[in-house]
Asks: 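I have a structure I would like to understand better, so I am pasting it below and will then ask my questions one at a time.
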Amino acid sequence: MSLRLEPRDHASVSLKLTVSLAAGVIALLLVAVPVIAAGGTPLEAYWLMLQGAFGSMFALSETLNRATPLILTGLAAAVAFRAKLWNIGAEGQLYIGALAAVCVGSGLMQLPPVLMIPTVMVAGFLAGGLMMVIPTIIKQRFGADEVVITLLLNFVVILFIQMLVEGVLKDPLSMGWPQSVPLIAEAKLPKLLPRLRMHWGLITGLVAALILWLMVRKTVLGFEIRAVGENKAAARFAGIPVDATMLKVALISGGLAGLAGVGEVAGVKDYLSSDLSPGFGYSGIVVAMLAGLSPVGTVIAAVFVAAVFVGADSMSRATGISSYIADLVVALSLLCVLVGSFFLRFSVKFERRQVGA
Amino acid sequence: MTDAPVLLSLQNITKRFGPLIANNAISLDLHRGEILALLGENGAGKTTLMNILFGHYVQDEGDVRVLADHGALATLPPGSPGAALKAGLGMVHQHFTLAENLSGLDNIRLGTEPLLSFGREATARAKVKKITAESGLDVDLDRRVADLTVGEKQRIEILKALYRDAKVLILDEPTAVLTPQEAEGLFVVLRRLAENGLGVIFISHKLGEVLAVSHRILVLRAGTKAGELVTAKADRRAIADLMVGKAVAEVVRIPALPGETLMEFDGVSLNGAGRQALSGVNLKLRSGEIVGLAGVSGNGQSGIAALISGLAVPSSGTLRLYGEAITKASPRDLVEAGVARMPEDRQHDGVVGTMSVADNIAIEEVRSPAFSKMGLLDRKAMRERATSAISGYDVRCPGPDAEARLLSGGNVQKLILARVLEREPRVILANQPTRGLDVGAQAEVHRRILAARDRGAAVLVISEDLDELFALADRFVVVHAGELADAGSSESLDRGTIGLMMAGQARTPVGIAS
Amino acid sequence: QELTKVAAVWTVPVEQQWASRLHNALIAAKDRGEIDYVYSENISNTDYERVMREYAEQGVKLIVGEAFGVEQPARAVASEYPEISFLMGSSLPPVEPNFATFDNFIHEPSYLTGIVAGLKTESNKIGMVGGYAIPEVNRLMNAFKAGALSVNPDVTFSVSFINSWYDPPKAKEAAFAMVDAGADILYAERFGVSDAAKERGILAIGNVIDTAADYPGTILASALWHGEPMIDKAIADVKAGSFTASDYGIYAFMEYGGSSAVYDEALAGADAVAAAKAKEAEILAKTFVVEIDDSEPTSTP
Amino acid sequence: MDVLFDILGSANFWAAAIRIATPLIFGVLGALICERAGVLNLGIEGIFVAGAMAGWLAVYLGAGLWGGVLVAALAGALFGLLHAFLTVILGLSQHVSGIGITLLATSVSYFTYRTALPDVTSPPRIAAFQPLNIPGLSDLPFFGPALFQQTPLTFLALVFVVLVALVLYRTPLGLAIRAVGDNPASVEAQGLSVVGLRVGAVVVGSALMALGGAFLTMSAFDAFFFGMVNGRGWICIALVVFASWQPGKALLGALLFGAFDAFQIRLQAQIGQVVPGQVFLMLPYLLSIVALILVARRADYPRALLQPWTKGQRH
Ligand SMILES: Nc1ncnc2c1ncn2[C@@H]1O[C@H](COP(=O)(O)OP(=O)(O)OP(=O)(O)O)[C@@H](O)[C@H]1O
Ligand SMILES: Nc1ncnc2c1ncn2[C@@H]1O[C@H](COP(=O)(O)OP(=O)(O)OP(=O)(O)O)[C@@H](O)[C@H]1O
Ligand SMILES: [Mg+2]
Ligand SMILES: [Mg+2]
């Protein structure tokens with residue numbers, strides 16, 4: 001018997017569903033290990049996870065609320081990775097977007113909400129975009145690796161934000177806590193439903209996904225981004241302006257991450273602090289890769305990751321298991337889905353091979 | 001020859017890739033001291049067979065047997081390059097398998113010493129020196145491979161095999177990237193090695209070479225063995241017919257009727273990267289004329305190509321298109337002005353492998369109204385163009401939506417021809433237009449280029465294959481060390497003259513010199 | 001009969017000095033059989049509101065936690081669950097009817113440890129290492145400085161913040177730097193500082209928890225916070241139905257037994273301890289009030 | 001200016017720089033080995049945590065200190081094996097696998113710690129490594145305290161720098177690792193196993209990273225805390241590029257980083273906060289970026305980095 005791998009040209013929808021389902025089931029089986037180790041019962045834990053993620057309007061809203069920034073940072077990674085621009089800096093771009101939102105939206109100008117909200121969003125988009133355009137220019141000019149630069153800039157940005165919220169941006173009414181002045185009411189993103197945290201950032205994310213989907217499939221820009229991403233030399237030879245295309249990608253990618261930051265301050269927190277994001281920028285990379293860099297897939301993957309986290313976290317509270325299990329469940333699910341993607345690319349065949357004596 | 005002992009024996013090798021049968025029950029024997037040429041169209045299965053022999057691929061059926069020390073044939077375990085190397089097989093791959101960050105010597109030593117030891121660099125160097133002295137394969141062993149020319153890389157590849165005391169040497173299209181001189185040098189080495197008892201399998205699309213160097217010829221067609229010939233009794237026609245399965249028509253060139261100058265290099269120099277550098281180049285490309293650019297690779301051909309492609313701008317002098325200076329034209333400007341450019345490295349610069357055939361055909365013009373409106377792609381128009389190109393240029397592929405990476409080299413070349421010629425360009429740069437293509441595909445490309453000339457296009461053909469230049473060019477120019485010399489009309493030239501000029505030993509053709 | 005269910009939501013792991021004082025008090029109450037206690041630790045501010053709501057939905061009677069980074073949402077949750085009592089660490093005032101607040105007001109014992117340190121230092125240099133310059137940290141450092149200066153006006157202070165709640169190796173490095181600059185007593189706001197003191201053979205002042213046993217011969221004195229008076233009072237109030245939106249921060253004051261100073265007399269010497277104890281008596285007698293100063297402490301120029 | 005010379009002239013400052021650099025040296029060497037073989041290992045941050053936790057826990061549960069070091073290395077190797085399985089054998093995305101490993105290693109470590117020690121309220125301590133007293137060397141004026149009063153793990157880190165450099169540049173194994181990171185086909189064609197070399201490199205590299213974590217809980221400190229790795233792993237990823245994938249420069253980069261950190265801590269302690277503290281904390285990152293820009297053109301990138309390799313596939 002020998003085992004052999006054959007690359008697939010296409011993965012059918014039913015295969016994708018089967019693989020996703022199998023990955024989910026295996027992840028759940030693995031989760032049983034820590035649950036039992038902590039003295040819980042797996043079946044109960046599964047049920048509580050499901051309840052915690054989708055079991056009530058509140059749970060669903062919390063899941064979608066957590067998915068909102070993940071959709072945007074996921075799209076940010078997806079669009080950049082398609083062009084082989086390795087933006088690991090969505091975390092920093094998110095903060096810079098949030099910072100821009102606070103700068104224009106905390107009383108600098110007075111506008112009615114119909115104008116104020118778009119202004120805040122555009123500011124956040126441009127600021128986040130700029131934060132990615134700079135490393136891209138550095139890469140083009142000096143050949144310095146953008147993975148490392150964007151990664152390093154995350155730390156710089158967070159320190160910068162800490163400096164601001166302890167300094168010039170500090171809210172005089174915050175009793176000394178390092179946080180910025182809050183946004184004015186007109187700049188806040190309205191909630192989607194009363195008493196639930198879900199806000200218009202979610203709609204922004206969905207619209208962004210739709211626009212990106214259209215861009216990738218239907219536009220010249222999408223075509224050029226693909227060409228540049230897949231083969232820079234051939235794209236350049238064929239007359240596509242490679243550097244300019246990369247800068248556009250950088251702007252869009254950073255901008256989307258910036259919008260995630262806008263959503264978190266204007267939709268959830270109202271003010272900026274250096275703990276605005278528990279790593280949404282990094283999770284966005286995971287989300288994008290799980291989605292195979294597809295914009296629509298990114299939305300699904302973001303909801304999946306959010307649901308796993310929210311569900312597992314809620315389960316930990318109901319069972320008294322340490323809340324660190326939530327991240328553990330996310331990690332296990334992620335790795336299972338990742339392994340599953342292998343079976344979408346290859347079919348595994350067992351066969352007898354004839355080898356003469 | 002066939003009396004000599006069998007070194008290597010393939011028995012009924014079959015290999016399938018999904019539904020495709022790349023090798024169908026192929027058997028062959030290789031004898032001591034024999035040079036066996038393996039021929040076949042692109043995609044016939046030559047490389048696949050060699051990859052199985054060497055353990056890169058695992059065959060579905062059949063055996064590879066190699067003469068062992070005890071004097072009998074022993075079966076190789078499938079899928080183990082290590083075992084193949086141990087058994088005395090050496091392979092020079094179609095695409096280089098060199099670590100570019102290491103020196104030539106380190107590439108040769110790689111894998112030959114116990115991993116956890118301090119290595120034996122001095123011993124290795126001495127052994128390589130001995131081999132280079134015997135074989136004439138001279139190369140700087142301490143330069144990083146990245147800094148070597150393709151010819152030098154090729155020599156390192158051969159040295160890798162010889163260093164391991166190979167009994168059988170397999171060379172997959174070794175001359176595709178060599179200059180005629182380098183190729184000639186290689187043949188001398190191969191003959192000497194064969195005389196010393198080495199068995200050689202040699203893959204090439206160049207029938208002239210095959211006839212000159214091999215003892216026996218094996219032809220593959222669509223994965224099956226189409227025939228076997230003794231070289232001494234074979235001729236070009238018979239081989240070509242066996243490969244293609246039908247007669248290959250000769251391409252005939254009628255004399256040119258040159259018209260106005262369309263593109264002109266006026267004292268153009270290009271600084272920087274050594275292999276691109278040019279100094280004071282003058283060149284006129286006239287309507288209805290094919291200019292052949294000869295030269296040993298690395299003497300400035302890539303600089304001239306980069307200028308015409310819009311990838312470089314002259315550091316001094318003027319480049320004119322239709323009489324106007326175009327010192328700062330981008331690739332897109334040139335495309336729009338009607339310049340067709342065929343890149344030297346078609347896989348690297350010519351196509352985006354993961355995009356479809358249709359996308360690759362439209363790529364130069366996506367922004368034109370033909371393929372997009374207000375930033376939105378017109379997919380229908382793109383597919384229509386692709387469909388007509390596929391049939392018009394005989395691009396063998398499953399259809400316009402197939403990914404370009406699945407096409408063979410010849411078909412990629414036809415795709416590029418379709419892309420650039422369909423617009424009826426006025427200036428054409430054909431850089432190594434048939435490198436690695438089989439005879440049928442070569443003839444097709446030549447026919448297309450000649451047709452474009454007859455339509456009134458100005459053509460510059462850059463090639464290291466002098467046969468090709470003599471088949472196409474109306475006029476020759478030769479580049480040496482960044483300087484361009486006019487060699488005159490092809491009718492008045494012979495190979496010897498061009499060879500001297502390529503070597504930099506004559507500035508003008510002998511006899512025309514003032 | 002069902003036990004009163006109490007939930008705590010911590011933004012830090014429960015080892016963190018601050019949270020551990022209340023966590024321990026709650027565990028003690030649970031062990032006494034008074035309450036049923038559940039908790040979530042290391043909850044980011046983004047998740048804080050959700051966790052509060054989940055506990056609220058589970059029907060707990062009292063939620064203890066820290067609203068510092070989430071003042072508005074925490075108050076919003078409380079207003080939606082008027083039947084549940086909230087006891088939250090907060091720098092802002094309480095809100096009727098159910099949002100009570102507290103803070104760790106252990107500036108009084110901090111002042112007393114300052115007296116000991118001021119009398120004990122020989123180099124007249126004291127090094128202080130903190131996490132972040134927030135009011136909860138600042139007020140303790142400032143009280144300590146005031147205490148030291150009250151007995152020894154020549155003392156100079158070096159202050160540095162490591163910008164992390166949890167990086168003991170880094171706190172240790174910062175403390176080493178203080179020692180290298182001549183400090184002979186370290187104010188150990190974070191884990192890691194006393195380790196440096198012990199390793200270099202100098203003295204340290206403990207904060208919030210008593211670590212004297214871990215660093216024999218090192219901890220001169222400590223200002224301790226006791227969560228029990230406040231937690232026990234809150235539980236009793238909830239059980240009695242008399243929980244009000246008041247400021248429970250006062251239960252950290254010495255007069256309620258919410259904080260205390262402990263001294264190692266062998267290290268500090270009888271005189272210094274006596275001086276501190278005398279001041280302690282004044283504080284308890286309310287003849288002396290330690291000033292609450294939340295501004296960021298700085299090094300002596 | 002005086003302050004500057006005071007600080008740079010003190011032996012303690014140099015000792016601190018080396019101490020702060022130690023975990024980075026382990027981490028950057030580990031990352032370097034992985035990347036030289038063509039595999040980016042973003043699992044480093046989590047592997048640091050796993051090493052810190054596993055080594056500490058082993059000692060806490062009764063193992064000897066060196067036993068703890070071994071356990072930490074094994075924990076790192078285990079996560080390395082997982083990363084290698086996903087990226088080398090299955091050829092999956094190195095970015096995602098790496099981030100997944102970081103998430104997994106971190107959460108497994110935290111979860112294990114909390115589940116094993118549910119009721120601790122003051123972190124339990126172990127008897128950690130103590131600075132060595134090397135007769136002769138440690139007593140040298142200035143150089144003794146500056147260089148030779150470190151814990152054994154620091155010396156181990158320095159030994160590894162030499163060892164890695166030796167293996168990489170002086171042995172056939174190193175040759176093969178450098179080749180496989182540049183062009184796996186070259187290694188396969190010479191009869192060596194691409195998968196074997198890469199898996200080996202990732203496993204060994206990850207074990208080294210874990211030692212960086214172990215240093216934190218067994219040398220720099222004597223207890224495990226949540227969040228105590230605090231981005232040190234990510235810094236190593238940057239340092240590898242800064243070092244152009246060379247062990248000697250990696251050591252230099254780590255020492256520079258350590259020196260800078262030690263310097264800013266001392267400056268803060270001596271003259272207080274003249275500018276916001278964050279400015280100092282930012283500087284190492286900004287300087288790394290500047291350094292990257294300066295070296296980028298000359299850097300010798302492993303060309304096969306991030307490229308999966310599957311036998312029998314066209315590449
Ligand atoms: N790794 C692979 N996976 C799938 N199919 C393959 C693979 N390698 C080769 N093939 C198939 O096998 C056939 C034979 O390919 P091969 O490379 O052996 O041709 P060749 O005779 O060497 O051609 P050329 O003259 O162009 O080098 C091709 O048509 C291709 O479809
Ligand atoms: N990854 C792959 N999967 C499937 N088929 C492939 C793959 N790579 C190459 N092939 C097939 O292998 C055949 C030969 O490929 P190859 O790259 O050797 O082309 P070629 O004609 O030899 O071009 P060149 O001479 O320029 O190298 C092609 O027909 C192509 O369809
Ligand atoms: Mg081939
Ligand atoms: Mg070929």
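The shown structure was predicted, so the numbers you read here are calculated from the model rather than taken from an experiment. Protein chains get the first letters and strands the later ones, always in sequence-line order, with residue 1 at the start of each.
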Asks: Does any backbone or side-chain atom of C:Y39 lie under 4.5 Å from a heavy atom of chain A? Answer side chain, backbone, both or neither.
Replies: neither
Asks: Report which part of A:L159 has an atom under 4.5 Å of a heavy atom belonging to chain C: side chain, backbone, both, or neither.
Replies: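 No part of A:L159 comes within 4.5 Å of chain C.
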Asks: Below 4.5 Å from any heavy atom of chain C, which atoms of A:D270 appear? Answer side chain, backbone, both or neither.
Replies: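 Only the side chain of A:D270 comes within 4.5 Å of chain C.
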Asks: Inspect the surroundings of NZ in C:K61 and state if more than 12 heavy atoms from other residues, nucleotides or ligands are less than 6.0 Å away.
Replies: no
Asks: Is there a side chain to side chain contact (heavy atoms under 4.5 Å, CB included) between A:Y271 and C:Q72? Walk through the geometry before answering.
Replies: CA-CA 10 Å; A:Y271 58 84; C:Q72 262 191 341; 5.6 Å; no
Asks: Is A:S273 in contact with chain C via its backbone, its side chain, both, or neither, using a 4.5 Å heavy-atom distance?
Replies: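 Interface part for A:S273: neither.
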Asks: Heavy-atom cut-off 4.5 Å, strictly under: side chain, backbone, both or neither for C:Q58 against chain A?
Replies: side chain
Asks: Rounded at 0.5 Å granularity, tell me how far CG in C:N42 sits from OG in A:S322.
Replies: 9.0 Å
Asks: When rounded to the nearest 0.5 angstrom, what is the spacing between CD in A:Q179 and CZ in C:F68?
Replies: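 Answer for the CD-CZ pair, A:Q179 versus C:F68, is 11.5 Å.
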Asks: Quick check: are there more than 12 heavy atoms from other residues, nucleotides or ligands sitting under 6.0 Å from CZ of A:F160?
Replies: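 Counting neighbours around CZ of A:F160, 12 or fewer heavy atoms of other residues, nucleotides or ligands fall under 6.0 Å, so no.
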Asks: Pairs in or reaching into residues 311-322 of chain A: which pass salt bridge (Lys or Arg N to Asp or Glu O under 4.0 Å), with residues at least two apart or in two chains?
Replies: A:D313-A:R317, A:D313-C:R50, A:R317-C:E54
Asks: Against chain A, label C:T46 side chain, backbone, both or neither, depending on which of its atoms sit under 4.5 Å from a heavy atom there.
Replies: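 For C:T46, the contact with chain A is made by backbone and side chain together.
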Asks: Before giving the answer on side chain to side chain contact (heavy atoms under 4.5 Å, CB included), spell out for C:E49 and A:V268 the whole-Å C-alpha distance, their side-chain angles and the decisive distance to 0.1 Å.
Replies: CA-CA 10 Å; C:E49 182 180 344; A:V268 183; 5.6 Å; no
Asks: May I ask you to list the residues in residues 192-199 of chain A that approach chain C closer than 4.5 angstrom, counting heavy atoms only, ordered by number?
Replies: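 The stretch touches chain C at A:R195, A:R197.
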Asks: Please rank A:S323, A:G320, A:A59, A:S61 by heavy-atom pairs under 4.5 Å with chain C and give me the top one.
Replies: A:S323
Asks: Hey, could you give me the OG/CG distance between A:S277 and C:N45, rounded to the nearest 0.5 Å?
Replies: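 Going from the OG atom of A:S277 to the CG atom of C:N45 covers 12.0 Å.
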Asks: Identify which of C:P13, C:P73, C:S44, C:G69 forms the greatest number of heavy-atom pairs closer than 4.5 Å to chain A.
Replies: C:G69
Asks: Side chain from CB out, backbone as N, CA, C, O: work out which of these in C:E80 comes under 4.5 Å of a heavy atom of chain A, or both, or neither.
Replies: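 Its backbone and side chain both get close to chain A.
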